[in-house]
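Have a look at the structure below, then the notes.
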Protein chains: 2
Amino acid sequence: MPTVSSEELAAAAGVNSAKLRKDFSYLGSYGTRGVGYDVEYLVYQISRELGLTQDWPVVIVGIGNLGAALANYGGFASRGFRVAALIDADPAMAGKPVAGIPVQHTDDLEKIIDENGVSIGVIATPAGAAQPVCDRLVAAGVTSILNFAPTVLSVPDGVDVRKVDLSIELQILAFHEQRKAGEEAEAQAGAAAPAERGDQGEGPDGDVPAVMPA
Amino acid sequence: MPTVSSEELAAAAGVNSAKLRKDFSYLGSYGTRGVGYDVEYLVYQISRELGLTQDWPVVIVGIGNLGAALANYGGFASRGFRVAALIDADPAMAGKPVAGIPVQHTDDLEKIIDENGVSIGVIATPAGAAQPVCDRLVAAGVTSILNFAPTVLSVPDGVDVRKVDLSIELQILAFHEQRKAGEEAEAQAGAAAPAERGDQGEGPDGDVPAVMPA
DNA sequence: ATGTCTTTGTGAACGCGTGCACAAAGATGG
DNA sequence: CCATCTTTGTGCACGCGTTCACAAAGACAT
Ligand SMILES: NC(=O)c1ccc[n+]([C@@H]2O[C@H](COP(=O)([O-])OP(=O)(O)OC[C@H]3O[C@@H](n4cnc5c(N)ncnc54)[C@H](O)[C@@H]3O)[C@@H](O)[C@H]2O)c1
Ligand SMILES: NC(=O)c1ccc[n+]([C@@H]2O[C@H](COP(=O)([O-])OP(=O)(O)OC[C@H]3O[C@@H](n4cnc5c(N)ncnc54)[C@H](O)[C@@H]3O)[C@@H](O)[C@H]2O)c1
C-alpha cells in the first residue's frame, strides 16, 4: 500500500506539515500513525470533498476571442467540467461550431440552462452585456458565475461570483516590479530588503500587505 | 477642491472605514481632518504607489487561442500595459500580424526582451513548453511572469511568478455549489447554514477555510 | 507479548490582520 | 480669537489562522 507522510507532502507543497495535517483532519482521520496516509484513499477523499468526483455541466456566454479560447481549452474536461453549451448574441455565429460545439443564440439561454441542468455559467461577453447576461443566467437557475468581463456583478444572495481580472494580475506584478527597482536604488541606504514571498501567487489574493513608508 | 471621506469610500467599497484609513496611512498622511481626502491628490498617490503612472512593456509568448485573445484584449493598455511583442515557436506564424502586432519567432526572444526593456512576460504556451520558455525569459532579464500554463514554474529568487489557473476558479465555484446542495439536504437536520461570504472573490484567495465535519 | 520507533492528531501559544474607540487636528462659524 | 463640529490617524483589544510541541496510536521487530 503506497503511502505518504504529512512531512513529505508538506515539503512538496512548500507548506507547514502541521497545517497540512490539521487541514486533513477536517476531512476525518484518514492517516495511520507511524505510517502516513494511503495515497489512493487520500486522493479519493480529497477529490470527493472538493467535488471533483462529479462532473459539472458549464455554459459559456460570449464566444469571442476569450470565449472561443475557453471553449477550446481541454484543461476543463480533465477536472470534471463539461462544456454543455456555447451561447452568443451574434446571429451570424448561431449554429457555427466552436471546438466542436455548435454556438447557440442568446434567445434560447433559459431553455439551454434548464435542459442541461446547468448551475455554473461563464461570462465572456463585453463589459456592457455582463450584468444583463448575468441576470438572465441567475433567473434561469445558475447559482455560480465565473466572470471575465471587467465589471462587478450584482447578484442575489445564494449566488457565487468569481471575477477573473487579468489586468489586476499584471498590476500586481508591476507593483512588485516597481518595488524591486526602488529597493535597488535604496540598497546603499543600509536597510535590508524585506523578506520576499516565495510562493506561486495562487490568484490575486491576500497579497501586498505592507507598503513602503512615505 | 473635491474631497471624499474615508466613510464614503469605505461604504462604496464595502469595507471598514478604519481599515481603509489605516491602509491609506501607509502611503503617508494625505487626508485633512474634518474634511477628508482630496480626490485628485489621493488618486495620484495611489496610482503612483501601485505603479500605475508608468507604462510597462509586456511580451506574450505562445500566440495560440489564449495568447491571441490576450493580444486582442484592449483592457491592458488602459491600465498602463503595452504589448511590446508577440512571440511564438511556430515558424508559420512568424510575421503574421495578431491584433496589429507581427508575431516574432522564439529564436529572437532574447533580442526582443533586451531591445524593448521588457521585465514582464506572459506565458501562454502549452504546459510542456512553459518551463523552458520561462527559463529563457528569466535569463534574458524578465523578472515578473504571468503564467497561464497548468504548471508550477521554478524560478530563481527575485523573480515573481503568478499563475492563473482557470480550472481552479471553476473548482472553487463547484466546491461551493456542491456545498449548497449538501446544505439543502441537511436543512431539515436543524443546524443553521454557516454564514456565506458576499464578496466578489477577487481571485482564488484565502477562501474555503472551514470544511464539513466527517 | 513487549519494546521501540515513526507519524498522526490536536491542545495551546503565537503572530497578524481587522475593527473599535478616541484623542488630536483642523476647518468653519460666530 | 474662541467654540464647536467633523474627520483623520492610531493605540489597543479581539479573533482567527498558523505553528509548535507532544501525547497517543499503531506498525514492526524481537
Ligand atoms: N481577451 C482577453 O484576453 C480578455 C482578458 C480579460 C478580460 N476580457 C474580457 O472578456 C470579455 C470578452 O473578451 P473578448 O476579447 O472575447 O471580446 P470579444 O468582443 O472578442 O467577444 C465578445 C463576444 O460576446 C458576444 N456578445 C456580445 N453581447 C452579448 C450578449 N448580450 N450575450 C451574449 N453574447 C454577447 C459577442 O457577439 C462576441 O462574440 C470582455 O469583457 C473583455 O473585457 C478579455
Ligand atoms: N485556452 C484557454 O482558455 C486556457 C485556459 C487556461 C489555461 N490555458 C493554458 O494556456 C496555454 C495556451 O492555451 P491555448 O489554448 O492558447 O493553446 P494553443 O495550443 O492554442 O496555443 C499554444 C501556442 O503556443 C505556441 N508554442 C508552443 N511551444 C512554444 C514554445 N516553446 N515557445 C513559444 N511558443 C510556443 C504554439 O505554436 C501555439 O501557438 C496552455 O498551457 C493551456 O493549458 C488555456
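Values below: all heavy atoms of this structure, side chains included; hydrogens, waters and symmetry mates excluded.
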**OP:** Using atom types as modelled and distance alone, determine if a side-chain donor or acceptor of A:E8 lies under 3.5 Å from a backbone N or O of A:S5.
**Re:** yes
**OP:** Taking the six-membered ring for Trp and the full ring for Phe, Tyr or His, determine whether the centres of A:Y30 and A:Y41 are under 6.0 Å apart.
**Re:** yes
Original post:
Under 4.5 Å between any side-chain heavy atoms of A:T151 and A:Q131, yes or no?
Top reply: no
**OP:** Could you check which of D:dG9, D:dC20, D:dA27 has an atom nearest any side-chain atom of B:S29?
**Re:** D:dG9
Subject >> Side-chain donor-acceptor contact under 3.5 Å, A:R48 with A:T53 >> reply: no
Original post:
Rounded to whole angstrom units, what separation is found between the CG atom of A:D23 and the P atom of D:dC16?
Top reply: 17 Å
**OP:** Measure from CG on A:L27 to P on C:dG9 and round the result to the nearest Å.
**Re:** 10 Å
Original post:
Hey, is the side chain of A:S25 poking within less than 4.0 Å of OP1 or OP2 on C:dG9, counting only N and O atoms?
Top reply: no
**OP:** Check the distance between D:dT6's P and B:R21's CZ and give it to me in whole angstrom.
**Re:** 15 Å
Original post:
Is there a side-chain polar atom (N or O) of A:K19 under 4.0 Å from OP1 or OP2 of D:dT18?
Top reply: yes
**OP:** Would you mind reading off the distance between A:D38 atom CG and D:dG26 atom C1', rounded to a whole angstrom?
**Re:** 15 Å
Subject >> Phosphate OP1/OP2 of C:dT8: any A:S6 side-chain N/O under 4.0 Å >> reply: yes
Original post:
Does any donor-acceptor pair link the side chain of A:R33 with the base of C:dT8 at a separation under 3.5 Å?
Top reply: yes
**OP:** Would you check, one step at a time, whether the test salt bridge (Lys or Arg N to Asp or Glu O under 4.0 Å) holds for A:D165 with B:R79?
**Re:** CA-CA 12 Å; A:D165 190 330; B:R79 299 280 195 94; 3.4 Å; yes
Original post:
OH of A:Y26 versus C1' of C:dT8: gap in Å, rounded?
Top reply: 16 Å
Original post:
Does a side-chain N or O from A:Y37 land closer than 4.0 Å to OP1 or OP2 of C:dG9, or not?
Top reply: yes
Subject >> Along DNA chain D (nearest heavy atom to each residue), the more 5'-positioned of A:N16 and A:T32 >> reply: A:N16
**OP:** State whether the distance check finds a donor on one side and an acceptor on the other, under 3.5 Å, for side chain A:K22 versus base D:dT19.
**Re:** yes
Original post:
Within this structure, what is the CZ-to-P distance between A:F24 and C:dG9, rounded to whole angstrom?
Top reply: 10 Å
Original post:
Quick one: A:L20 CG to C:dT7 C1', roughly how many Å, whole number?
Top reply: 13 Å
Subject >> Length of the CG-P vector between B:L42 and D:dT7, whole Å >> reply: 16 Å
